[in-house]
Amino acid sequence: YPGAAQYVPRTEDLATVRAAAERCHGCDLYRDATQTVFGEGSATADTVLVGEQPGNDEDLDGHPFVGPAGHLLDRALAEIGVDRDTLYLTNAVKHFRFVERGKRRIHQQPRRTEIVACAPWLATELELIAPRLVICLGAIATQAVLGPKAKVTALRGQVVDGEHHRVGVTVHPAAVLRAEDRAQAYTAFVDDLRRLFAAG
Ligand code: URA
């Protein structure tokens with residue numbers, strides 16, 4: 001893949017960057033996805049949350065974390081007293097990757113090549129927002145921010161120092177929805193978030 005770098009404009013203005021991302025052909029995911037789903041929220045946020053990629057609902061709606069995983073995230077944030085509007089929410093990959101099964105579109109994890117191709121968008125978001133803390137939700141976000149060897153199982157609930165910001169790791173809210181013991185997984189997720197916001 002050529003990657004997103006050639007599509008990223010040289011500007012300090014996040015809205016200009018977002019508009020340019022609508023036309024990104026840095027990998028092939030734009031072909032089947034409905035639209036680019038760029039990050040959203042406060043451009044001066046103290047904390048940026050990074051997910052994996054837009055899901056089915058986000059792909060159709062054009063906004064991050066508006067589907068079931070987003071609702072769970074909203075509930076968890078409310079529980080720890082964090083206002084979503086003070087944050088910036090984005091994803092490692094900006095297009096939905098899926099396979100069609102009849103009428104359903106089944107989420108597929110982005111490939112490493114797609115994560116790398118899309119990385120210039122996330123890097124630019126983090127550079128312009130310059131948050132104090134970046135919270136990675138799940139394996140793909142963790143790898144996108146901390147490198148391909150970083151493991152959620154080893155890092156969850158912890159905050160590590162990065163060059164430009166601190167980085168906290170927890171699971172993806174969709175993983176909570178899939179967990180066998182959902183109540184327990186949800187409590188652990190909320191505990192992680194509480195700890196990360198406190199430590200960051
Ligand atoms: N899952 C993600 O990782 N990101 C979204 O925006 C929605 C669901």
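One-based numbering along the sequence shown. Numbering of ligands and ligand atoms starts at 1, following listing order.
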Between the side chains of Tyr186 and Glu79, does any donor sit under 3.5 Å from an acceptor?
-> yes
Report yes or no: does Gln35 contribute a side-chain atom to a donor-acceptor pair with the main-chain N or O of Asp59 at less than 3.5 Å?
-> yes
Taking atom 2 (C) of ligand 1 as the reference point, the nearest protein heavy atom with its distance | Gln53 O, 3.0 Å
With distance as the sole criterion, is a donor-acceptor pair present between the side chains of Thr90 and Glu125 under 3.5 Å?
-> yes
Look at atom 7 (C) of ligand 1 and find which of Glu52, Glu58, His172, Lys94 reaches it with the closest heavy atom.
-> Glu58
Heavy-atom contacts with Pro64 under 4.0 Å: which atoms of ligand 1 show up? List them by number with element.
-> 6 (O)
Do any N/O atoms on Phe65 end up under 3.5 angstrom from N/O atoms on ligand 1?
-> yes
Looking only at protein heavy atoms, what sits closest to atom 4 (N) of ligand 1 is Asn91 OD1, 2.6 Å
In ligand 1, which numbered atoms sit nearer than 4.0 Å to a non-hydrogen atom of Gly51?
-> 3 (O)
Without swapping roles, check the side chain of Thr36 against the backbone of Phe38 for a donor-acceptor pair under 3.5 Å.
-> no
Polar contact flag, side-chain donor to acceptor under 3.5 angstrom, Glu52-His107 | yes
